Amino acid sequence: MVCWLILLVIMNVAVMEPQEEYCRITAPNILLVIADDLGWADIGFSHKPDGFVSDKGIPETPHLDRTAEEGLVLDNLYTQAACTPTRGSLMTGKYAFRLGQLFTSSVMGPQEKESSSHKFLSKELAERGYKVHGVGKWHLGHRDKRYRPTERGFDSFYGLYKGMGTHYTHHHVSHPWLGETWGRHFGDHDFHYDYRNGSESVLTETEDDEGVHSTELFTKAAVSRIKEHDKTSPLFLYVAYTAPHSPLEPDESIVAKRNNHIIDVERRRYAAMVTQMDDGFGEILSALEERSMKENTVIIFVSDHGAALVKSCWDYVGGSNKPYRDGKFTFFEGGIKSAAFIWAPWLNDGVKGTHSKALAHVVDIHSLVLSLSGCMTNLVDNKINNEVGSMSLIRALKGDHSGRDTILHNLVSTPLPLNKLTKYCSPTTPQPGNYGVIRYHNYKLFYGDLVMWCHSDLLTEPCPDLVFVSGRAAMLFDLEIDPYERVNIAASNIDVVEKLAAMILEYSKDAPSQWVV
């Protein structure tokens with residue numbers, strides 16, 4: 001209890017420089033769980049306040065729902081629209097455009113050679129006395145071993161380097177629009193156990209787990225890390241499940257026994273993957289309780305973005321982002337609004353079991369974790385909206401839901417290389433142009449070369465009619481009265497468009513010269 005009281009005092013200080021030993025004594029364990037392609041309507045806790053009822057049926061997730069209901073649900077946490085940009089922002093505390101990462105999930109390109117200049121959260125925590133272990137999906141660089149997890153601060157990593165793989169045979173799956181070479185760096189098999197041996201990284205590829213579902217393997221590995229943990233040091237456990245990401249390969253025993261309220265067969269199979277992840281989460285909680293670690297652990301759960309909705313991109317469409325618009329790879333609400341919560345044993349009664357409307361971005365998780373570690377140092381105001389040093393989630397945990405006022409959702413400010421991702425999911429999609437998407441209070445602006453973007457085959461419905469302001473296309477939404485982005489109000493709010501467009505322009509001054517697309 002004394003340690004938690006000390007930590008609460010620490011959280012009231014925005015910037016501090018504690019002693020290393022003091023950090024180790026007071027810092028809590030941190031469990032960070034990431035779901036892969038989980039939609040807003042794919043879990044129970046995310047939409048209870050608005051009374052929305054999914055017509056597709058919600059997967060059974062009792063462990064996640066119960067933990068969320070005992071914690072703080074984040075109703076307005078935003079991610080990027082794809083896997084790697086979200087993970088990159090979380091690990092570095094920087095917007096994806098600063099990392100050279102755009103709308104796809106690739107980080108295999110020129111920018112990877114420069115990425116060592118971005119210190120990862122895992123490295124920060126390791127330097128502050130944490131034992132740092134990763135399980136699941138990496139997708140943050142692998143061609144050069146310098147960019148693999150154990151060179152980024154992790155003491156061990158068990159899982160896949162790349163973006164997606166078969167769940168039972170653990171083979172990498174290439175998307176056709178990325179080109180064949182993207183699946184050849186390690187052969188077809190992509191499952192690894194890497195660990196630190198002193199100052200050296202030992203990199204191994206595992207093949208003895210074939211035939212066991214990846215979700216089960218990741219859960220077992222996470223439980224093992226907890227059981228083996230030396231409690232004299234705090235633990236940071238990063239569990240990045242590959243569920244419910246494509247391919248659709250559920251545990252058939254779960255399909256047969258669970259989620260019988262869901263009529264659609266494809267949806268029920270998708271739901272089984274979500275339910276299996278929830279079962280794994282429950283096992284991890286039990287392991288923490290068995291070792292008397294839960295009372296000193298902060299739990300953060302987040303989906304990396306919305307569910308994929310376009311069949312030409314994926315082998316199934318089982319997820320749902322309703323009632324929000326569109327999904328993965330788009331910057332409409334359904335693509336970037338994340339189902340998320342934070343649980344901590346010291347939450348007061350005024351916070352516990354509530355939903356926060358605070359506007360937050362995945363970069364804020366980076367700031368939150370550093371703050372919780374008791375070692376939040378050198379956070380510097382960054383341009384318009386304190387990107388790195390935002391305290392929005394820290395304030396929310398104390399009952400202050402004012403949140404941040406600005407989020408830069410995406411920025412494409414220089415021409416894209418012609419040899420990279422000129423198409424999305426079919427050969428008919430033109431190359432996207434330069435544009436920005438920004439949120440400011442209740443307003444959200446899409447601005448730039450939107451004509452081609454609005455014809456992307458990633459969209460499930462047409463864009464509202466575009467309005468041209470200063471020669472650039474604009475879509476402006478007031479999310480307070482139009483949360484589902486149906487009515488473009490740019491024509492009647494030119495002053496707002498110009499203000500937000502100027503903010504985008506200010507950000508573009510920091511855009512890198514090379515893009516990873």
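Bear in mind the structure is a predicted one, so any value in this text is a computation, not a measurement. All heavy atoms count here, side chains included; hydrogens, waters and symmetry mates do not.
Scored by the salt bridge (Lys or Arg N to Asp or Glu O under 4.0 Å) test, Asp326 finds no partners at all (sequence neighbours excluded). Residues satisfying the salt bridge (Lys or Arg N to Asp or Glu O under 4.0 Å) test with Asp155, not counting sequence neighbours, are none. Partners of His401 under the ring pair (Phe, Tyr, Trp, His ring centres under 6.0 Å) rule, at least two apart in sequence or in another chain, do not exist in this structure. Partners of Glu485 under the side chain to side chain contact (heavy atoms under 4.5 Å, CB included) rule, at least two apart in sequence or in another chain, are Arg325, Phe332, Glu333, Lys444, Phe446, Phe477, Leu479. Scored by the side chain to side chain contact (heavy atoms under 4.5 Å, CB included) test, Lys145 finds Arg148, Leu203 as partners (sequence neighbours excluded). Residues satisfying the side chain to side chain contact (heavy atoms under 4.5 Å, CB included) criterion with Asp264, sequence neighbours excluded, are Glu266, Arg267. Remark: Glu60 pairs with Arg258 by the salt bridge (Lys or Arg N to Asp or Glu O under 4.0 Å) rule, at least two apart or across chains. For the ring pair (Phe, Tyr, Trp, His ring centres under 6.0 Å) test, residues two or more places apart in sequence or in another chain that qualify with His409 are Tyr78. Residues that satisfy the ring pair (Phe, Tyr, Trp, His ring centres under 6.0 Å) test with Tyr241, not counting sequence neighbours, are absent from this structure. Partners of His171 under the ring pair (Phe, Tyr, Trp, His ring centres under 6.0 Å) rule, at least two apart in sequence or in another chain, are His189. For the salt bridge (Lys or Arg N to Asp or Glu O under 4.0 Å) test, no residue two or more places apart in sequence or in another chain qualifies with Asp251.
For the atom pair CD1 of Ile299 and CG of Leu285, the computed distance is 5.0 Å after rounding to the nearest 0.5 Å. Here OG1 of Thr61 is found 3.5 Å from CG of Asp65. Values are rounded to the nearest 0.5 Å. Expressed to the nearest 0.5 Å, how far OG1 of Thr169 lies from NE2 of His167 amounts to 10.0 Å. We find the OG-CZ distance between Ser122 and Phe236 to be 7.0 Å, quoted to the nearest 0.5 Å. Residue Met91 holds its CE atom at 11.5 Å from OG1 of Thr84, rounded to the nearest 0.5 Å.
Residues Trp453 and Met475 meet the side-chain proximity criterion, which asks for heavy atoms closer than 4.5 Å. Residues Val298 and Asn29 form no side-chain contact, since every pair of their non-hydrogen atoms from C-beta on lies 4.5 Å or further apart.
Closest of all the heavy-atom pairs between Thr242 and Ser214 is OG1-OG, 3.3 Å. The two atoms that bring Asp36 and Cys83 nearest to each other are OD1-SG, 3.7 Å, heavy atoms only. The nearest pair of heavy atoms linking Tyr270 to Pro244 is OH-CG, 3.3 Å. Nearest approach of Gly163 to His245, heavy atoms of both residues: O-NE2, 4.2 Å. Nearest heavy atom pair, residue His170 against residue Asp209, reads NE2-O, 3.3 Å. The two residues Trp40 and Pro323 make their nearest non-hydrogen contact at CD1-CD, 4.1 Å.
A salt bridge links Asp37 to Lys328: one of the charged nitrogens lies within less than 4.0 Å of a carboxylate oxygen. Taking 4.0 Å as the cut-off between side-chain N and carboxylate O, Lys357 and Asp75 count as a salt-bridged pair. Between Arg269 and Glu252 there is a salt bridge, with a side-chain nitrogen of the basic residue lying less than 4.0 Å from a carboxylate oxygen of the acidic one. Salt bridge present: Glu216 and Lys220 bring a charged side-chain N and a carboxylate O closer than 4.0 Å.
Using a 30° and 60° split on the angle between ring planes, His213 and Tyr168 fall in the perpendicular class, above 60°.
Within a 6.0 Å sphere centred on CD of Glu480, heavy atoms belonging to other residues, nucleotides or ligands number 12 at most.
Residues Asp364 and Ser392 have side chains that bring a donor and an acceptor to within less than 3.5 angstrom of each other. Between the side chains of Arg196 and Ser156, no donor-acceptor pair is found at a separation under 3.5 Å. Under the 3.5 Å distance criterion, with hydrogens and angles disregarded, a donor-acceptor pair is assigned to the side chains of Asn76 and Lys337.
For the ring pair (Phe, Tyr, Trp, His ring centres under 6.0 Å) with Phe191, the lone residue among Phe218, Trp138, Tyr161 that qualifies is Phe218.
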* To do: Start with the C-alpha distance between Phe45 and His355, add both sets of side-chain angles, then the distance that settles ring pair (Phe, Tyr, Trp, His ring centres under 6.0 Å), and finish with yes or no.
  => CA-CA 10 Å; Phe45 70 77; His355 285 241; 7.8 Å; no
Run the side chain to side chain contact (heavy atoms under 4.5 Å, CB included) test on Glu295 and Met293 for me, step by step, so that the C-alpha distance in whole Å, both residues' side-chain angles and the decisive distance to 0.1 Å come before the verdict. CA-CA 6 Å; Glu295 63 266 27; Met293 291 172 62; 5.9 Å; no
| Where do Phe301 and Phe341 land on the ring pair (Phe, Tyr, Trp, His ring centres under 6.0 Å) test, with the steps shown first? | CA-CA 5 Å; Phe301 176 86; Phe341 69 79; 5.6 Å; yes
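Applying the salt bridge (Lys or Arg N to Asp or Glu O under 4.0 Å) test to residues at least two apart or on different chains, the pairs with a partner in residues 281-291 are Glu289-Lys294.
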